[in-house]
Amino acid sequence: MSFSQEVRQELSAQIPAARHCRLAELAMMIRLAGEILPAGDGQVIKIRTENFLVARKCFTLLKKTFNISVDVSVHILRSEKKSDWIYTVLVRDPETAGHILRALKMADDAVILAGAKEEKPVRPSSVRNGPAVDPLLVQQPCCRRACIRGAFLCAGSISNPEKFYHFEIVCPTRSCAGQLQALIHSFGPDAKIVQRKSHYIVYIKEGAQIVDMLNIMEAHVSLMNLENIRIVREMRNSVNRKVNCEAANINKTVNASVRQAEEIRFLIDRIGFEQLPSNLAETARLRLDHPDASLAELGEMLTPPIGKSGVNHRLRKLGRLAEQVRESEE
């Protein structure tokens, strides 16, 4: 099971105790996955999804909020490449559907759809330019949480956090994406919007903010799982940085040691140790005898011992002497 599906499974079990929160979540789910269809003098509500968890959540919210009977059907949509299970939740009774739409502040959408007499079903989100959910339904923080949760259940996804961080919710209209972005901003995370073909994507790419989103949606188990993954990733990255830094320092030390040994050998071949001051001769011998030693280690071997900067000063003097000899030979 993917991490995104694990989050969706946890959210599907979250049934708000307060009726106003259930209304907010249900309104967003119908907006993103539902259709309002004309039926005689009234309308019916039809929710179609490929995800069993979404269908189960819609059924439970309708049952607990309105205490009604809801039809649920399953059929297979076959194609050349694969077969998909399609789950349909249907409120068949026009009077009951009208009551639900009025409670969800979506009655105006039903009037538009009923008057349009379209031959094909029209999603309410495609005919309304205003917000996806009536602002009256998302005035309280708990209702905004429920609304975001419903949006993720129907149209959201999270990438595998072991590879990279990416959270997104696909919205059918710019106004829907704008309202969802504002709801997320009210809790702090900096969600952004990008258009992808005919849809608008509300997305977050920073790991810490995705953790915040899981907290907002009350997916606490998934939050802890993501935090564990983040800790392991950060530790691994920290270790890699330290190893790379140490490797770079080792390479730098080795390269410097090789260069210094070459300059000392050139100098000794030309003038010998006897022509060097005693302190420089001692340092030169130690460098040739201990090519892998660091400057600090060389300093401890000298008599008397000196610091790292003192050893570096002597080696630079030897280098300048070697350069002067080269220039004199040219």
Take S4 and S2 through the side-chain hydrogen bond (donor to acceptor under 3.5 Å, both in side chains) test and state the conclusion after the steps.
CA-CA 5 Å; S4 188; S2 67; 5.1 Å; no
Taken in chain and number order and not counting sequence neighbours, the residues that satisfy side chain to side chain donor-acceptor pair (under 3.5 Å) with R196 are E168
Evaluate side-chain contact (heavy atoms from CB on, under 4.5 Å) for L37 paired with Q43, printing each intermediate quantity in order.
CA-CA 5 Å; L37 308 175; Q43 294 83 37; over 6 Å; no
Output, in order, the C-alpha distance, side-chain angles, deciding distance and verdict of side-chain contact (heavy atoms from CB on, under 4.5 Å) for L90 and S73.
CA-CA 8 Å; L90 179 64; S73 62; over 6 Å; no
Contacts of [X] that satisfy side chain to side chain contact (heavy atoms under 4.5 Å, CB included) - sequence neighbours left out:
X    : value
E227 : V211, L223, R230
R259 : A256, E263
L321 : L267, L276, L280, Q324
D190 : H185, K192, Q209

To the nearest 0.5 angstrom, please state how far the [atom1] atom of [X] sits from the [atom2] atom of [Y].
X    : Y    : atom1 : atom2 : value
L23  : C147 : CG    : SG    : 11.5 Å
I148 : C143 : CD1   : SG    : 11.5 Å
N255 : Q260 : CG    : CD    : 10.5 Å
L318 : H313 : CG    : NE2   : 10.0 Å
L26  : M106 : CG    : CE    : 8.5 Å

Quick one: do I68 and V70 satisfy side-chain contact (heavy atoms from CB on, under 4.5 Å)? Show the steps, please.
CA-CA 6 Å; I68 60 172; V70 181; 3.9 Å; yes
Run through the side-chain heavy atoms of Ile, Leu, Val, Met, Phe, Trp and Tyr, join any pair under 4.5 Å, and report what else lands in [X]'s cluster.
X    : value
V239 : V243
Y203 : V170, V194, I201
M1   : none

Kindly state each residue pair satisfying salt bridge (Lys or Arg N to Asp or Glu O under 4.0 Å) with at least one member in residues 19-30, sequence neighbours excluded.
E25-K57, E25-R149
So the salt bridge (Lys or Arg N to Asp or Glu O under 4.0 Å) pairs with at least one residue in residues 309-321 (sequence neighbours excluded) are none
When you look at L315 and I264, which way does the side-chain contact (heavy atoms from CB on, under 4.5 Å) test go after all the steps?
CA-CA 9 Å; L315 290 172; I264 291 170; 4.3 Å; yes
ring-ring contact (aromatic ring centres under 6.0 Å, His included) contacts in which one or both residues fall within residues 50-77, not counting sequence neighbours:
F52-Y87, F66-H99
I need the full list of side chain to side chain donor-acceptor pair (under 3.5 Å) pairs touching residues 136-145, with sequence neighbours left out, sorted by first then second residue.
R144-S186
In a check of side-chain hydrogen bond (donor to acceptor under 3.5 Å, both in side chains) between S222 and each of E10, Q9, E6, which one passes?
E10
